[in-house]
Amino acid sequence: MKTLSLVLPCYNEAPNIPLILERFAQVMNRDDVEVILVDNGSTDDTQVVLADLLPSYPFARAVIVEVNQGYGYGILAGLKAANSRFLGWTHADMQTDPKDVLDGLRLLEKSADPEQTYVKGSRKGRPLSDVFFTIGMAIFETIVLRVPLWEINAQPNLFSASFFNRWQDPPYDFSLDLYCYYLALKSKFKIIRFEVRFGERAHGISRWNINWKAKLKFIKRTIDFTWELRRRLQLIESR
């Protein structure tokens, strides 16, 4: 059994895949970590690129999702295919350094109780407009869900497989980051945040951070799921 399975959801990330595999090869200093690249229903050459490159990177393998059903769905497909003590995910767009994952894993392993620990990045170097957006969403979600939430969509996310096995009806979209973080807080996990540098995408464009119309759509989905989490909590507390 591996120590960590890291999932990278890839939707039309064909130009970035060679870069991220090569960067992982440069920083990978242990053989008990695997990288699972999920072709999340891509319409570009992602599947072809994976087939061509993966034989040269023994630490990596692919999971294929034929039809895109959302960011979270692709991550969940990768997590379900894993068989490691710890699990996690980060993005495949090269906005954060793959080395961050190994730094986060060391923090997780050093924790007094790794099975009850959740490690998450904290982004630095973001545009001021994105920082204001993050602050607004964090305030709203903290008030509604009654737990202190901050930098909800920061990467990477690392946690135990036993924690993942307790998830029930996780969302298939970008709300998966909120779901996982919230559940760790409600489970009284030790939360470890560590600084990661956040840069520009190497290739391609974000699916949600394109313009204000896309951001508003993302905000609506997140708000809807925040209220759904609140409703679930109220049902549990009323039993």
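Note: hydrogens, waters and symmetry copies are ignored here, and every other heavy atom, side chains too, is used. By convention here, the first residue in the shown sequence is residue 1.
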**Study point:** Member of Leu6, Val7, Leu21 meeting the side-chain contact (heavy atoms from CB on, under 4.5 Å) criterion with Leu37
**Key:**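 That would be Leu21; it is the only one of Leu6, Val7, Leu21 passing the side-chain contact (heavy atoms from CB on, under 4.5 Å) with Leu37.
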Review point. Looking at Leu102, Val119, Asp100, which one forms a side-chain contact (heavy atoms from CB on, under 4.5 Å) with Pro156?
Key: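 Considering Leu102, Val119, Asp100, a side-chain contact (heavy atoms from CB on, under 4.5 Å) with Pro156 is found only for Asp100.
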Starting at [atom1] of [X], measure out to [atom2] of [Y] and round the result to the nearest 0.5 Å.
X: Lys2; Y: Asp31; atom1: NZ; atom2: CG; answer: 6.0 Å
X: Leu50; Y: Cys10; atom1: CG; atom2: SG; answer: 6.0 Å
X: Leu158; Y: Glu109; atom1: CG; atom2: CD; answer: 10.0 Å
X: Leu108; Y: Thr3; atom1: CG; atom2: OG1; answer: 10.0 Å
X: Leu8; Y: Ile20; atom1: CG; atom2: CD1; answer: 5.0 Å
X: Thr226; Y: Met137; atom1: OG1; atom2: CE; answer: 6.0 Å

**Study point:** Set of salt bridge (Lys or Arg N to Asp or Glu O under 4.0 Å) partners for Asp52, sequence neighbours left out
**Key:**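 If we apply the salt bridge (Lys or Arg N to Asp or Glu O under 4.0 Å) test to Asp52, skipping adjacent residues, there are no hits.
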Point to revise | Which atom of Pro9 lies closest to which atom of Tyr71, heavy atoms considered | key: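 Shortest heavy-atom separation between Pro9 and Tyr71 comes out as CG-CE1, 4.1 Å.
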With distance as the sole criterion, is a donor-acceptor pair present between the side chains of [X] and [Y] under 3.5 Å?
X: Thr46; Y: Asn12; value: no
X: Glu195; Y: Ser122; value: no
X: Thr96; Y: Gln155; value: no
X: Gln116; Y: Asp113; value: no
X: Ser42; Y: Asp39; value: yes

Taking atom [atom1] as the centre, does [X] end up with more than 12 heavy-atom neighbours from other residues, nucleotides or ligands that are less than 6.0 angstrom away?
X: Gln168; atom1: CD; answer: no
X: Tyr172; atom1: OH; answer: no
X: Lys99; atom1: NZ; answer: no

Cluster question for you: counting only ILVMFWY and a side-chain heavy-atom cut-off of under 4.5 Å, with indirect links fine, are [X] and [Y] together?
X: Trp150; Y: Ile143; answer: yes
X: Tyr179; Y: Leu185; answer: yes
X: Ile139; Y: Phe133; answer: no
X: Leu53; Y: Val48; answer: no
X: Ile135; Y: Leu178; answer: no

Check your understanding: Taking the six-membered ring for Trp, are the ring centroids of Phe198 and His91 within less than 6.0 Å of each other?
Key ->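 No: the rings miss the under 6.0 Å criterion.
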Practice item. Indicate, with yes or no, if the rings of Phe189 and Phe159 have centres closer together than 6.0 Å. Key: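 Ring centres of Phe159 and Phe189 not closer than 6.0 Å.
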Validation row: [X], [Y] side chains within 4.5 angstrom (heavy atoms):
X: Val33; Y: Leu105; answer: yes
X: Val38; Y: Ile75; answer: no
X: Leu4; Y: Val101; answer: yes
X: Val147; Y: Thr142; answer: no
X: Leu107; Y: Ser111; answer: no
X: Ile36; Y: Trp89; answer: no
X: Phe164; Y: Leu76; answer: yes
X: Tyr11; Y: Val65; answer: no

**Study point:** Step-by-step side-chain contact (heavy atoms from CB on, under 4.5 Å) determination, Trp167 to Leu176
**Key:** CA-CA 11 Å; Trp167 295 7; Leu176 184 65; 4.0 Å; yes
Review point. Is it true that Asp97 and Arg197 make a salt bridge, defined as a side-chain N closer than 4.0 Å to a carboxylate O?
Key: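 Judged by the 4.0 Å cut-off on N to carboxylate O distance, Asp97 and Arg197 do not form a salt bridge.
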Exercise for review: Identify whether the distance between the nearest side-chain nitrogen and carboxylate oxygen of Arg231 and Glu228 falls below 4.0 Å.
Suggested key: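 Answer for the salt bridge query: yes.
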Check your understanding: Is the backbone N or O of Pro171 less than 3.5 Å from a side-chain atom of Ser175, with the two atoms forming a donor-acceptor pair by type?
Key ->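 No.
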**Study point:** salt bridge (Lys or Arg N to Asp or Glu O under 4.0 Å): pairs with one or both residues in residues 150-178, sequence neighbours excluded
**Key:**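 For residues 150-178, and leaving out neighbouring residues, the salt bridge (Lys or Arg N to Asp or Glu O under 4.0 Å) pairs sorted by first residue read Arg123-Glu151, Arg126-Glu151, Asp173-Arg221.
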Exercise for review: Measure from NZ or CZ of Arg193 to the centre of the six-membered ring of Tyr181, then state whether that distance is under 6.0 Å and the direction lies within 45° of the axis.
Suggested key: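 Geometry flag: set, cation within 6.0 Å and 45°.
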